[in-house]
Each structure stands twice: as structure tokens, then as C-alpha cells.
Amino acid sequence: MKRTQHCNELRPEHAGQTVTLVGWVHSRRDLGGVLFIDLRDREGRTQTVFDPSDLPKEVFERASHLHSESVIQITGTVRVRPEGTQNTKIPTGQIEVLVKSLEVLNDAAVLPFPVDDPELASKVNEEIRLKYRYLDLRRPEMIRNLRVRSKVAIATRSYMDGEGFLEVETPTLFKSTPEGAREFLVPNRRDPGTFYALPQSPQQFKQILMVSGIERYFQLARCYRDEDLRADRQPEFTQVDIEMSFIDREDIYSLIEGLLKKVWKTALNLDIPTPFKRISFEEALNRYGIDKPDTRFGMELVDFTEEFKGSKFGVFGNCVANGGVIKAINARGLAGATQGQLEIMTETAKGFGAKGLAYIKVEKNAAGTIEWKSPIVKFFSDAEKAALTAKLEIQEGDLILFAADQWLNACEILGKIRLYCADVLKGQGKLTIPADQFNFLWVIEFPLLGFDREMNRWYSSHHPFTAPVADDIPLLKTDPKKVRGQHYDIVVNGVELGGGSIRIHQPDVQKTIFEELLQIPPDETQSRFGYMLEAFKYGAPPHGGIALGFDRLIAILCGTTSIRDVIAFPKTAKGVDLMTDSPSTVTPRQLRDLHIEVKAAVKKDV
Ligand code: ASP
């Protein structure tokens with residue numbers, strides 16, 4: 001059972017040759033008694049011809065009754081297709097194979113959904129696609145995605161190897177370190193009441209590997225987070241996880257720029273320019289209202305705090321008096337926004353605690369003069385209006401949107417609305433972004449800590465192992481809010497591709513962060529991180545690293561918005577594997593072995 005070619009290989013120069021092909025019955029057409037079967041394998045498609053005048057009756061009969069997706073092997077002669085019947089859409093479109101013999105390797109039952117028509121298949125409900133994932137994966141787009149994934153994984157390994165990195169596997173049965181996302185726990189049969197946890201990332205192991213003197217580590221690491229899943233999250237996902245010793249931030253930037261250059265070349269044959277631009281967290285928020293800006297379009301936030309200081313328009317005047325800021329964006333071409341669209345934007349603002357959303361539609365009135373349509377404009381002074389006109393370059397057709405709030409909130413409100421407006425404008429054809437435009441950006445100088453008002457304590461913006469910027473260390477004791485972390489995120493087209501940091505390698509600084517700032521009680525610090533603090537006492541080199549979201553990276557390269565399209569066997573938004581029907585119940589005996597009793601049998605929500 002040996003094929004002589006794949007189904008994408010035959011060309012007119014093969015005419016006259018006898019070939020053997022194997023694959024799946026992609027489609028079948030009966031034209032005036034002659035049967036055409038498109039045979040498909042992983043590489044492509046070839047048209048085969050069953051001519052009854054040339055074949056034993058039973059072979060023709062058998063071929064006539066084949067279901068789509070049956071697995072067959074044919075042997076036949078290659079011939080050039082007659083003029084006018086050639087298909088320019090596929091590489092084998094100039095030839096066909098006149099079948100001499102057929103072997104049916106396996107019949108297929110009638111399919112739950114068609115896989116031969118890309119249009120139809122892409123409209124199939126995703127739950128059906130996931131239940132029959134093996135059929136879904138037969139679609140050429142899905143095979144292409146898995147191929148890109150494989151090629152990028154191999155390119156990554158070869159690049160990292162070339163840079164002197166060792167690929168080291170770290171355990172997936174790890175210790176529970178309750179922080180950040182919720183963990184998956186694995187009960188330990190040997191010691192009832194104790195549990196392993198699946199790692200959220202190999203963070204601690206990779207730092208320990210630096211203490212071990214590995215110097216350069218990487219891994220395509222599986223990570224687990226038991227979060228309520230958002231659209232593009234999976235409970236298990238893959239990271240390109242990296243850690244290096246004796247380096248600073250610049251080394252990480254150039255390593256990753258080189259890696260992404262190679263990846264883009266491998267997957268898309270595109271040369272991306274390096275080095276990437278850098279932007280501070282503060283500037284990203286001020287200009288784009290988000291810490292992962294999409295810089296492929298403008299519509300930047302403009303600050304009007306100075307202009308509205310003491311404004312007669314109370315909402316703005318009071319906001320500034322209370323230490324807030326006034327910001328605005330100009331959504332050019334959106335003056336005609338519908339009531340529904342404005343409501344969505346208003347709800348966005350309210351989601352941040354704002355009372356509403358102030359906006360101005362710049363449109364011609366019945367008399368033909370341009371008018372600022374908004375109930376708030378009458379409160380604006382001439383100077384305020386002049387400032388708006390000048391700084392937002394206001395013209396007919398504009399929609400001006402405001403946020404008046406504390407700095408971070410005001411930025412984030414407009415950041416979200418800016419993205420929404422861009423989507424609307426894209427839908428209306430007023431904003432076009434080329435599919436092969438990739439704006440990479442390092443976002444740097446994040447605050448090391450945020451303050452949790454409810455818990456009345458600081459929390460790490462990235463994770464507690466991130467080192468403060470050296471100049472800011474004295475501020476840890478006096479003004480922690482001002483301390484910048486040596487943390488960096490890599491962003492492309494508004495998507496966070498990954499992030500990392502230079503780590504704390506001095507055990508005393510690490511202990512201060514844990515105990516004084518994060519207020520983790522000393523005994524808890526000891527039980528959770530004691531082994532790390534101890535390891536750091538025995539010669540920990542300065543080190544740092546980063547992790548890139550591999551699934552997201554592949555999704556971007558494949559031009560899909562869903563990471564499920566680039567994972568062979570993903571789970572649904574509810575964390576269910578529909579093909580194997582997992583998670584599932586287990587036998588009483590298994591539970592007994594694990595010393596687990598299920599108290600309330602919650603009815604499965606199907
Ligand atoms: N472990 C971090 C994460 O998973 C990445 C890093 O700091 O290297 O986000």
C-alpha cells in the first residue's frame with residue numbers, strides 16, 4: 001500500500017505515468033456516466049476519473065456508491081485535462097488520473113457536517129466542529145494552522161538552540177501556590193488531604209534553574225489556569241518560556257526581536273523591521289488608553305485637563321478640581337453613529353463607574369452650516385471650544401467622545417471606546433488596515449505594584465519576583481506607588497503576545513516584597529516560597545526572562561481571532577472537551593482510593 005505521490009504533486013509533465021494515490025473521497029460528480037472523484041490527502045487534491053468503458057463493472061459500481069470521506073487507494077494513468085476543464089484554483093488542476101484499479105480501505109458513514117465545502121464548513125456550529133474534531137481537522141484551513149504551529153515550534157527550538165539555550169522540561173505536578181489565577185488540584189492518593197497543583201507557569205522552576213547554573217533555559221511549556229474562560233482563553237495553553245542569567249532588559253529585547261523575526265519569516269515569509277518601538281506604560285495609557293495599544297490607527301486620546309480647569313461645565317470643572325482629568329478622542333467619520341452604538345459606548349463608560357458618556361456629533365444642520373450637536377456644548381466657553389477644535393482638528397463628520405474621571409479610569413474608558421469605534425469604522429469601510437501590517441511594541445516601565453483598596457494592601461502588577469528599577473528601590477519604603485518594575489510586555493496589533501521581567505535575585509529584597517509590601521505572613525512566605533528564598537542564599541545569579549503565549553502567537557500568524565482554531569483539541573468556553581466528553585464523573589472506587597467524597601452531586605448543566 002505505497003503511494004507514489006501526494007495528492008498535490010502531479011503536473012502535466014507526469015502525463016502517461018502510472019501512479020498510486022491514497023486519501024479521502026473529497027467530492028464526487030457523475031457527468032454523463034463518467035464518475036469524477038476528487039481525492040484528498042493532507043497535502044492537497046487530485047481529480048480522478050472512473051470511466052465505465054475502461055473499468056470492470058464491479059469496480060465502477062463500487063466507486064459509484066462511495067460515501068464522501070471514505071478512504072481509498074487508486075492506481076491509474078495521469079493525463080492532461082481537456083481544454084476548458086482545467087481548474088486554475090488548485091495546483092493539480094491541469095491533470096487528472098484515469099483510474100485502472102480501486103481499493104476501498106475503509107468506508108465512511110454519512111458525515112455529521114460537510115468538510116468538502118469551505119464556505120459551508122465554516123458556518124457549522126462550533127460545538128459540532130469540536131465534537132467531531134477529527135473531521136474538522138480534515139479541513140485544509142485547520143491542517144494549515146497545525147502546520148504553521150509545527151513549523152513555528154521547530155523554528156523556535158532551532159533559534160533558541162542557536163542562541164545557546166537548553167530546553168529543559170519542568171514538572172506539571174507542582175505545588176499549590178495560591179496567587180493570581182485559580183489552580184487545578186490533583187489529589188495525592190498516598191497522603192490523604194494533600195494535593196499537587198498544575199503549574200500556572202514554570203516561573204519558579206525556571207528561576208531555580210538559573211540558581212542551578214543552567215544560564216539559558218527555554219521550554220514550550222504547558223500551563224494551566226482554572227479561570228472562568230473568556231473568549232480567547234483555554235484552561236491549558238502553551239507558552240514559549242524563557243529565562244537567562246547575567247543579562248539586562250536589552251538582552252531580552254534583542255533575543256525576542258530575533259526570535260519573532262525568524263518566526264515571521266518562517267510562517268509568513270515577511271521581514272519584520274527590528275528593533276521594535278518602545279513605549280512606557282504611562283505613555284501607552286495617555287495616548288491609547290490601554291497597556292497593549294493597537295498602533296495601526298490613530299484616534300489618540302487628547303488631554304484637556306488644563307483647558308477645563310474651572311470650567312462652567314460643572315461635570316468637567318468639578319472633575320478637575322477633584323484631581324481628575326478630562327480626555328477626549330475624535331472618531332472621524334462617526335458623527336452618524338446610531339443610538340444603539342452610542343448606547344454600547346455609554347455602557348462601556350458606565351462599566352468603569354462613570355455616570356454617562358459626553359459626546360459631540362459634528363454635523364451639518366438643516367440650514368447647511370456645521371453644528372456641534374450635543375447638550376453640553378452650550379456650557380463651553382469660546383476658549384474651550386477653540387481648544388477642542390485646534391487639538392482634535394474637528395471637522396464635519398466627527399464624533400468627539402469625552403471621559404472625565406481619575407487618570408487611569410479616564411484613559412481606560414476612552415481606550416475601550418477607541419477600539420470599539422475602530423471596529424465600527426472598519427465595518428463601514430472607513431478604516432482599512434492591511435492584513436500583513438504588524439505593529440510590534442515593547443511596553444515598559446510598568447508600576448511594580450498596584451493598590452487593592454478592598455484588601456488595603458499592595459499587589460504585584462506582574463508577579464512578586466519582578467525586580468524594581470534600581471533607581472526606584474529607595475521608594476519601596478517611602479512611596480511604593482512610584483516604583484517602576486523591570487517588567488516588559490511585547491505587544492503586536494493590540495494583542496499582548498507575552499511579558500516578563502528581570503527578577504529579584506537577592507533573598508532579602510524578595511522577602512521584603514513578600515512580607516512588607518504584599519503582606520504575606522512570614523509562615524506563609526516560608527511554606528510557599530521558603531525553598532526559593534533558601535535556594536537564593538546559595539549563589540543566585542542576576543537573571544530575567546519572558547514567556548510568549550504560543551497559541552496566541554500562532555493565531556496571529558494564521559489570521560484567526562480564536563486560539564481554538566490553532567489548538568488541535570481545544571476546550572469550549574466552559575472548559576469542556578466535547579469530543580471525549582471531559583471532565584466526567586469517576587467511579588466510587590477511584591474516589592475511595594483518593595480519599596475523596598463528593599458531597600453534593602450537582603446536576604450536570606448540559
Ligand atoms: N511566568 C510569567 C507568566 O507566565 C512570565 C515571565 O515572567 O517570564 O506570565
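Since the structure is predicted, the reported quantities are computational estimates derived from the model, not experimental observations. Every number for a ligand or one of its atoms is a count from 1 in the order of the listing.
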For [X] and [Y], work out which heavy atoms get closest and say how close.
| X | Y | value |
| --- | --- | --- |
| Tyr288 | Phe297 | CE2-O, 4.5 Å |
| Leu419 | Asp294 | CD2-CB, 4.4 Å |
| Asp565 | Asn145 | O-ND2, 2.9 Å |
| Met345 | Leu401 | SD-CD2, 3.9 Å |
| Arg528 | Ile520 | NH1-CG2, 4.3 Å |
| Gln204 | Met532 | CG-SD, 3.8 Å |

Is it the side chain (CB and beyond), the backbone, both or neither of [X] that lies under 4.0 Å from ligand 1, heavy atoms counted?
| X | answer |
| --- | --- |
| Ala547 | both |
| Arg503 | side chain |
| Gln200 | neither |

For ligand 1, which atoms, with element, lie under 4.0 Å from some heavy atom of [X]?
| X | answer |
| --- | --- |
| Ile546 | 8 (O) |
| Ser201 | 1 (N), 4 (O) |
| Gln203 | 1 (N), 2 (C), 5 (C), 6 (C), 7 (O), 8 (O) |
| Arg225 | 4 (O) |
| Gly500 | 6 (C), 7 (O) |

For Glu496, does the CD atom sit with more than 12 other heavy atoms under 6.0 Å from it, leaving out its own atoms?
yes
Step through the shown structure and confirm whether more than 12 heavy atoms of other residues, nucleotides or ligands are within 6.0 Å of NZ on Lys151.
no
May I ask you to decide if the ring planes of Tyr488 and Tyr253 are parallel, tilted or perpendicular, using 30° and 60° as cut-offs?
perpendicular
Does ligand 1 have an atom that lies less than 4.0 angstrom from a heavy atom of Glu496?
no
Return the closest protein heavy atom for [atom] as residue, atom name and distance.
| atom | value |
| --- | --- |
| atom 9 (O) of ligand 1 | His462 CE1, 4.0 Å |
| atom 5 (C) of ligand 1 | Gly499 O, 3.5 Å |
| atom 3 (C) of ligand 1 | Gln239 NE2, 4.0 Å |

Pick from Phe195, Tyr196, Phe205: which one makes a ring-ring contact (aromatic ring centres under 6.0 Å, His included) with Phe174?
Phe205
Tell me whether Ser501 has any N or O atom under 3.5 angstrom from an N or O of ligand 1.
no
Geometric N/O contact Asp241 with ligand 1, under 3.5 angstrom
no
Counting heavy atoms only, which of Glu243, Lys206, Gln204 is nearest atom 8 (O) of ligand 1?
Lys206
